[in-house]
Amino acid sequence: MTEDTIVAIATPPGRGGIGVVRLSGDRAMELTLGLVRLGKQPPDTQRSTLGTAVDPETGKILDEVVVTCYRQPHSYTGEDVVEISCHGAPVILGYLVQCCLERGARAAEPGEFTMRAFLNGRIDLTQAEAIRDLIEARTLYQARVAATQLGGGLSARLKPHKQALVELIAILEAGIDFADDDVEVVNRTEILKRLDAVSADLGKLAEGFGYGRIVREGLSLSIVGRPNVGKSSLFNRLLNMDRAIVTSVPGTTRDLVTETASIGGIPVCLVDTAGIRKASDDVERIGVERSHQAMADSDLRLLVVDSSQDWTEEDTELFHKTRHLGAMLVAANKADLPLRTPKAKIENLLRAESGEGTPPSEIITTSALTGQGIEELRDKILQSVAAGENLGSEGELVTNLRHQQLLKASVAALRRCHRAAELEVHHEMLLLDLYDALHQLDTLTGTTDVEDILGMIFSKFCVGK
Ligand code: GDP
């Protein structure tokens, strides 16, 4: 248990219907009773009690409040916690906090309540990280993914693997420590089989990070194309609003316009690039440079072409520029007009240009005017980032770079172990790698219960004759 009692305003800054002052620590209740007169004393735990906040200096009434007490260990932090809900008046909230500080509480650091929850074993590290992700979620889908992790989804997923590693370690340790006893050491094939099962699944989890990162952080999509092909109009369609100024004079979208839309619950940052064209002045040149940068930086590129016009050299040039930067889609826009370059023709052109048998990217027929093909375009945007991913299971997602790095390190250690086992290296060497693999997973969840599990497994071994 940490020694001091911490206090903070738990609601966002500014005025509101209610505002909450939260205290955690041994003195939480005592400090509260110095500030609030309660109708019922002592207040029930985990129930709300109506009270009156009173200025401890003057005895004058400050506000009507509701106090909720949580006795340790049944609280968010695992310590005694009190939440005082006042009216959302910044002066009152600030004054109550100040009174607590003057009476020996300490101002909580950012995230300190959650840190205490972790230190007191209420939650593991992945859950603590999930709380931050949940608070920062911009779409409901992101919130759901974070909530699954908060519920211990990732830790639960890793648990059987940790158990398997601990078992292997125990078996090998037994082989060494009690070499003279009759403990049967599993054979090499069995070791390899167990190793492979764990590393295959951990590897799969780590690979899912590409999509997991996008779920957590969002995806950036730059829209490129000749002037006047309908980039701004498509951009607005994807956003469902009029952000970029649509105009029929070429080259007026001089700067980058960025806006975030939620597509399938994933925040997609759309970048409408200045028409990439031969710049006629300095301002336009800067715009063109920025467009190139945005194209290179984004996760996905959408090349827009005007299918009511003939295909031009500039389209070809843009296609080549774009395709070398990574994943791309093509929108054959203005499909509501008589077509001069329909999808099939574009497909042939691109096939010829890329010199490959299959078209190098998906082509979607759209009309920013009528809305035709917009849903398909949204779907393809999602599919292009989630190729082969299982979109359904939020618990399977690794959304955090720290987690991915540790998973990869664990897999690397298991691979080393595999090679060593194949070479019939002494068990002691295998153990080093196994401990390493396990340690990475422990670091991920922030748990160090290896000793306990080892003890448990050894106790089943009946070695101590
Ligand atoms: P940008 O320069 O590529 O951003 O093109 P804009 O979005 O500014 O569009 C240029 C012109 O084409 C405007 O007059 C739009 O109304 C028109 N436009 C855009 N998309 C379509 C479409 O799908 N069909 C038709 N008929 N007109 C379109």
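Note that the structure is predicted; figures quoted are calculated from it, not measured. Read the numbers this way: they start at 1 and go in the same order the structure lists the ligands and their atoms.
With 3.5 Å as the limit, one finds no donor-acceptor pair spanning the side chains of Glu167 and Gln163.
Below 4.0 Å from some heavy atom of Leu337 lie the following atoms of ligand 1, by number and element: 26 (N). Ligand-side atoms of ligand 1 in range of Ser233: 6 (P), 7 (O), 9 (O), 15 (C), 19 (C), 20 (N), range being under 4.0 angstrom from any heavy atom. Every atom of ligand 1 is numbered from 1 in the order shown, and the set under 4.0 Å from a heavy atom of Lys231 is 1 (P), 2 (O), 3 (O), 4 (O), 5 (O), 7 (O). If you number the atoms of ligand 1 from 1 as listed, the ones under 4.0 Å from a heavy atom of Arg226 come out as 3 (O). The atoms of ligand 1 that sit less than 4.0 Å from any heavy atom of Asn333 are 20 (N), 21 (C), 23 (O).
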Using atom types as modelled, flag every donor-acceptor pair under 3.5 Å from a side chain in residues 370-378 to any protein atom, sequence neighbours excluded.
from: Thr370; atom 1: OG1; to: Ser367; atom 2: OG; distance (Å): 3.2
from: Thr370; atom 1: OG1; to: Gln372; atom 2: N; distance (Å): 3.2
from: Arg378; atom 1: NH2; to: Leu238; atom 2: O; distance (Å): 2.9

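Annotation: the span from Glu79 atom CD to Arg116 atom CZ amounts to 4.5 Å, rounded to 0.5 Å. Here the CD-OG1 distance, from Glu83 to Thr68, works out to 6.0 Å after rounding to the nearest 0.5 Å.
Across Arg237, Lys334, Gln372, heavy-atom proximity to atom 28 (C) of ligand 1 is greatest for Lys334. Between Asn228, Leu234, Asp336, it is Asp336 that holds the heavy atom closest to atom 24 (N) of ligand 1.
Scored by the side-chain hydrogen bond (donor to acceptor under 3.5 Å, both in side chains) test, Arg402 finds Glu129 as partners (sequence neighbours excluded).
Taking only nitrogen or oxygen atoms, main chain and side chain alike, Ala368 reaches within less than 3.5 Å of ligand 1.
Across Asp436, Leu438, Leu434, Asp433, a single residue satisfies side chain to side chain contact (heavy atoms under 4.5 Å, CB included) together with Leu414, and that is Leu434.
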